[in-house]
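What follows is a short report on a single structure.
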There are 2 protein chains.
Amino acid sequence: MKSSLVAIEPNGHFCKECSIREFSVCASLDAAELREFEHLGRRVHFTAGETVFSEEDVTTSFCNLLEGVMRLYKLLPDGRRQILGFALPGDFLGMNVSGRHNFSADAIGAVTVCQFAKAAFGRFMEARPHLLRRINELAVRELSQARDHMVLLGRRSAEEKVATFLLGWREQLIPLNGPSNTVPLPMSRQDIADYLGLTIETVSRTFTRLERVGVIEIIHGGISLLDPARAEALAAA
Amino acid sequence: MKSSLVAIEPNGHFCKECSIREFSVCASLDAAELREFEHLGRRVHFTAGETVFSEEDVTTSFCNLLEGVMRLYKLLPDGRRQILGFALPGDFLGMNVSGRHNFSADAIGAVTVCQFAKAAFGRFMEARPHLLRRINELAVRELSQARDHMVLLGRRSAEEKVATFLLGWREQLIPLNGPSNTVPLPMSRQDIADYLGLTIETVSRTFTRLERVGVIEIIHGGISLLDPARAEALAAA
DNA sequence: CTGCAAAATTGATCTGGGTCAACTGGGTTT
DNA sequence: AAACCCAGTTGACCCAGATCAATTTTGCAG
């Protein structure tokens, strides 16, 4: 699980060709700034299950997810896990106020990130309020998602949780893959359970029930959303 | 419940005498800026149970809580409620990215806020990156709290939830009242239940149980924390 | 003080989702 | 192709916390 051997590419990378440039923090930078910016970041690869950073680690760098999916989570001392969310390409990770990460992040499958030394990034941002504004915008959006998730965790039934998750995940994938009723689920059932505050068995049973009533079809590596309207209704949106 | 008659003070208010200046966003402003800033805000009073703003309302103003306690919450269509948190003096409310509030806020008891027109505040902030930085810092701190609360809602037992809440609320009150084992609880049992994802009966029973084992004493308008160490242990921090 | 309504507590019972355990099936190793 | 592994599914049973139903307590208005 621990990140042991990590490939770091030599710094021959150009932001202007970056696939996520228009989604991420970098979207706020102009051509001249990008040229300076690309010297700050270096691409780093992780394989399935590797930990990119851990809660309570001192934050030495921020990172921008380029490829792959990550799970963001917190652990209780006795090992109970709550997954806070799944990160997708374009997500910017590492902002905090204490100087330490306040959650952990693992690669689900292969992952590439663009890593920035905290100090250098901070200096670069110092003189560029538009970058700060962009980061603030992302933080506020994330807060809004966190609030929605609190409602889900505190007040929704298992079936509502699963339906809400499937619809929300489909939504999250739109900027990457375009809209589709075929929803890939790269994370395990255990990950889904820990995201929804359920057990793996309850998630599995709920999937089967949703399939039996014709709302979804369980396919290899994901689900197919057969009846989105019905799913919306079950989600009690 | 709806805010009907609201007292608005004439604008004879000076920031430099404001009780929360050093805690809140205003902490980032210098004397000259404060003089300009104080023309933007106006004090508004609310009485117990009044709604300060509602989810989905277009955001026309931000506000800074000056006195009193507020509950911040979201409702599901069928009336289930999740309280996201309790706001205390110094808290800055209203930041969002969609132009609409993404939660509702009620006064618990009498409340005074310092209200800023969104446009004017935005213009003021435009030229002052340090204010933006301060707001970002508050957003990031709030995100961290939201993540902790997700863990509580998704993975903790009723007893852990209640113990965690009491300790957390005591902590939150320190900047206002100083440290104390006498913890006022201005919110109702129902509010606590909706904050913790429990029912009012479970909260009540858990309080009684904690009292029976000598961890707390239930007093008028709050509790007294008799055995903080034991409470920490029950909270499974 | 009296009467009433809202908030809180307590008890009895029920149930959604957890726990424990067995089984299935696809993928990998030998 | 046999042996194994591990994620996922399914079934049987259980229990923490919800629900339902009285009380009891508190806060106030008259």
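In the text below, chain A, chain B and the rest are named by the order of the sequence lines, each starting its count at 1. This one's a predicted model, so the numbers in the text were calculated from it and none came from an experiment.
- Residues of residues 192-202 of chain A that place a heavy atom closer than 4.0 Å to DNA chain D, in numerical order, are A:E201.
- In this structure, A:Y73 has its ring center at least 6.0 angstrom away from the ring center of A:F103.
- In this structure, B:R156 atom CZ and D:dG17 atom C1' are separated by 18 Å, rounded to whole Å.
- A side-chain donor-acceptor contact under 3.5 Å links A:T206 to the backbone of A:T202.
- Ranking D:dT10, C:dA8, C:dG17 by closeness to the A:A158 side chain, first place goes to C:dG17.
- At whole-Å resolution of the value, CD1 in B:I223 and C1' in C:dA8 are 16 Å apart.
- As rounded to whole Å, 15 Å separates atom C1' of D:dG17 from atom CG of B:L152.
- For A:D227, the salt bridge (charged side-chain N to carboxylate O under 4.0 Å, His left out) test picks out no residue, with sequence neighbours left out.
- Across the protein-nucleic acid pair, A:Q190 atom CD and D:dA7 atom P stand 9 Å apart, rounded to whole Å.
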So which protein N/O to nucleotides 24-26 of chain D N/O distances come out below 3.5 Å?
none

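- Residue B:M187 contributes atom CE, which lies 19 Å from atom C1' of C:dA6 at whole-angstrom precision.
- One can find a donor-acceptor pair under 3.5 Å joining the base of D:dG11 and the side-chain atoms of A:R205.
- Counting to the nearest Å, the P atom of D:dT10 and the CZ atom of A:R189 are 10 Å from each other.
- Look at B:D194 and B:R80 and you find no salt bridge, because none of the NZ, NE, NH1 or NH2 atoms lies under 4.0 Å from a carboxylate O.
- A:E159 places its CD atom 17 Å from the P atom of C:dT15, with the value rounded to the nearest Å.
- Base engagement by B:S204 is indicated by at least one non-hydrogen atom pair under 4.0 Å involving a base atom.
- C:dG18 atom C1' lies 12 Å from atom NZ of A:K161, rounded to whole Å.
- Residues A:R147 and B:E142 are paired through a salt bridge, judged by an N-O separation under 4.0 Å between the basic side chain and the carboxylate.
- When all heavy atoms of B:L185 and B:I223 are compared, the pair lying nearest together is CD1-CG2, 3.9 Å.
- A:T208 has a side-chain polar atom (N or O) that falls below the 4.0 Å cut-off from OP1 or OP2 of D:dT10.
- Each of C:dG17, D:dG8, D:dT10 was ranked by its minimum atom distance to the side chain of A:S157; first place goes to C:dG17.
- Contact detail for A:E56 and A:R100: the closest heavy-atom pair is O-NH1, 2.6 Å.
- Heavy-atom contacts from other residues, nucleotides or ligands closer than 6.0 Å to CD of A:E171 number 12 or fewer.
- For the pair B:R212 and B:F207, the cation-pi criterion (under 6.0 Å, within 45° of the ring axis) is not fulfilled.
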